[in-house]
Colleague: 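Provided herewith is a single structure, encoded as structure tokens, for subsequent inquiry.
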Amino acid sequence: MVLQGQKITALVITYNEIGYIENCIKSVEFADEIIVVDSYSTDGTYEYLLSHPKVRVIQHPFKNYTAQKAYTLAQASNDWVVFVDADEVVTPQLQSEIIATVNGPNKHAAYWFRRKFMFQEKRLRFSGWQTDKNYRLFRKSKVRFSEKRIVHETLEVNGTSGTLKEKLTHFCYRNYENYKGKMLCYGRLKAKEAILKNKRFSLGLLILKPTYRFLYNYIIRLGILDGTKGIKVCYLNALGDWERYLELRRLEHEQNVPSLKTAPQQSS
């Protein structure tokens, strides 16, 4: 038996996404409900969303990606949810597959989306991204965001998972400074994850991890075939690992050095 008329909520989180959020929102207008949680954008993103007739926008402070997405998921009115990033676009073919999937028989609890990565307006075919996939379509009642990760968040799914055929378009690389900032942010959040897991700073890993990441993505994962795009992306991904270990060292130092307010005063 094929069900009809399953309602879908589209969810997005934003911070300073003007130039990208417009196409993202347009691509999810097939949904019955669109909710965006904005972490106090300063570039007009919030004003754009506030004026959009099909969007309900909520401002909420950003703690980390998992916490923000868990809060956003809680706002959905419908059980079926499609959760996309502000720099992602759902193609018409993927829209049709989503609608057919939620209204079809033998549904899984969650579905993976493969992604097509864009370097500005050009396709990035390799550089480690060719097998990337994420949960993007799922039933709210069957999932929760894992608290074990605060960046590159993942779902804990109560049920089976499937994979859709059509790909989500991801405009991952706007410009050098934007992508660099994103990788540095990810690196710092991964350092906080490491502290929570009682992992320690290692000079060896500071040197080896970024080097391995670059060579693996550029040589083994064929970033060399992406030309200058591949060099930039592989280098900046490796820079994220470098930042992770620098931040881990800084966090360890903060934990080991007593606060000036509580440290005993030295007599003169």
Side-chain angles (χ1 to χ4, degrees), residues 8-78 81-92 94-95 98 113 115-124 129 132 134-137 145 150-153 167-189 192 229 232-233 236-237 239-240 243:
I8 303 170
T9 294
L11 300 175
V12 190
I13 63 171
T14 57
Y15 177 70
N16 288 350
E17 301 290 353
I18 280 295
Y20 285 81
I21 189 60
E22 298 91 335
N23 286 335
C24 174
I25 295 299
K26 185 176 180 181
S27 77
V28 295
E29 287 183 351
F30 68 93
D32 301 278
E33 176 183 56
I34 304 173
I35 299 173
V36 182
V37 173
D38 178 72
S39 49
Y40 298 94
S41 291
T42 59
D43 68 343
T45 297
Y46 176 68
E47 289 75 15
Y48 164 76
L49 294 167
L50 198 61
S51 66
H52 198 293
K54 295 185 178 180
V55 173
R56 178 161 71 93
V57 60
I58 304 164
Q59 288 195 304
H60 187 262
F62 182 89
K63 179 181 178 183
N64 58 60
Y65 286 99
T66 294
Q68 195 77 342
K69 288 197 171 183
Y71 173 83
T72 305
L73 179 59
Q75 312 309 310
S77 301
N78 302 310
V81 166
V82 57
F83 211 134
V84 297
D85 290 342
D87 56 1
E88 294 175 338
V89 170
V90 182
T91 65
L94 182 53
Q95 292 175 22
I98 291 169
F113 283 14
R115 294 191 290 179
K116 177 174 71 175
F117 282 79
M118 303 297 293
F119 184 99
Q120 294 172 327
E121 297 301 318
K122 295 182 179 179
R123 177 84 179 270
L124 188 70
W129 294 118
D132 173 87
N134 299 90
Y135 282 121
R136 286 291 187 259
L137 177 67
F145 282 99
I150 61 176
V151 63
H152 299 317
E153 61 288 340
K167 290 185 178 181
L168 187 68
T169 304
H170 184 201
F171 292 88
C172 61
Y173 190 101
R174 304 183 188 187
N175 54 58
Y176 185 88
E177 289 304 320
N178 176 269
Y179 196 84
K180 178 181 177 181
K182 187 185 299 185
M183 292 302 103
L184 293 177
C185 176
Y186 288 163
R188 290 188 286 269
L189 287 172
K192 291 181 179 179
K229 302 190 299 292
K232 289 179 181 179
V233 168
L236 291 175
N237 286 344
L239 184 65
E243 180 69 12

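As the structure is a prediction and not an experimental result, all values here were calculated from the model.
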Colleague: Determine which pairs satisfy salt bridge (charged side-chain N to carboxylate O under 4.0 Å, His left out) with at least one residue from residues 14-24, sequence neighbours left out, and list them in order.
Modeller: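 Sorted pair list: Glu17-Arg174.
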
Colleague: How would you list all residue pairs meeting salt bridge (charged side-chain N to carboxylate O under 4.0 Å, His left out) that involve residues 35-50, not counting sequence neighbours?
Modeller: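 Listed once each, the pairs would be none.
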
Colleague: Going by the rule salt bridge (Lys or Arg N to Asp or Glu O under 4.0 Å), which residues pair with Arg188 if we only count those two or more places apart in sequence or in a different chain?
Modeller: Glu243

Colleague: Considering all heavy atoms of both residues, which atom of Thr9 and which atom of Leu11 are nearest to each other, and what is their separation?
Modeller: CG2-CD2, 3.6 Å

Colleague: Can you name the nearest heavy-atom pair linking Arg136 to Leu168, along with the distance?
Modeller: NE-CD2, 3.9 Å

Colleague: Using the ring-ring contact (aromatic ring centres under 6.0 Å, His included) rule, pick out the option among Tyr173, Tyr186, Phe171 that qualifies with Tyr179.
Modeller: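 That would be Tyr173; it is the only one of Tyr173, Tyr186, Phe171 passing the ring-ring contact (aromatic ring centres under 6.0 Å, His included) with Tyr179.
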
Colleague: Please work out whether the ring planes of Phe145 and Phe83 are parallel, tilted or perpendicular, with thresholds of 30° and 60°.
Modeller: perpendicular

Colleague: Would you call Asp32 and Lys54 a salt bridge, taking side-chain N to carboxylate O under 4.0 Å as the test?
Modeller: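 Not counted as a salt bridge, because no side-chain N and carboxylate O are separated by less than 4.0 Å.
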
Colleague: I'd like to know if the side chain of Thr45 reaches the main chain of Ser41, judged simply by a donor and an acceptor atom lying under 3.5 Å from each other, with no hydrogens or angles considered.
Modeller: no

Colleague: Is the ring pair Tyr71/His60 parallel, tilted or perpendicular, if the boundaries are 30 and 60 degrees?
Modeller: parallel

Colleague: Quick one: CG on Asn237 to NZ on Lys232, what's the gap to the nearest 0.5 Å?
Modeller: 14.0 Å

Colleague: Which heavy atom in Ile150 sits nearest to a heavy atom in Thr66, and how many Å separate them?
Modeller: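 Ile150 and Thr66 have their closest heavy atoms at CA-OG1, 3.5 Å.
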
Colleague: Please check this pair: side chain of Ser39 against backbone of Phe62, looking for a donor-acceptor N/O pair closer than 3.5 Å.
Modeller: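 No: the side chain of Ser39 does not pair with the backbone of Phe62.
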
Colleague: Who pairs with Asp132 by salt bridge (Lys or Arg N to Asp or Glu O under 4.0 Å), at least two apart in sequence or on another chain?
Modeller: Arg115

Colleague: Residues two or more places apart in sequence or in another chain: which of them pass salt bridge (Lys or Arg N to Asp or Glu O under 4.0 Å) with Glu33?
Modeller: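 Partners of Glu33 by the salt bridge (Lys or Arg N to Asp or Glu O under 4.0 Å) criterion come out as none, since no residue qualifies.
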
Colleague: Under the salt bridge (Lys or Arg N to Asp or Glu O under 4.0 Å) rule, collect the residues that match up with Asp87, sequence neighbours excluded.
Modeller: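 Asp87 satisfies salt bridge (Lys or Arg N to Asp or Glu O under 4.0 Å) with Lys182 once adjacent residues are dropped.
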
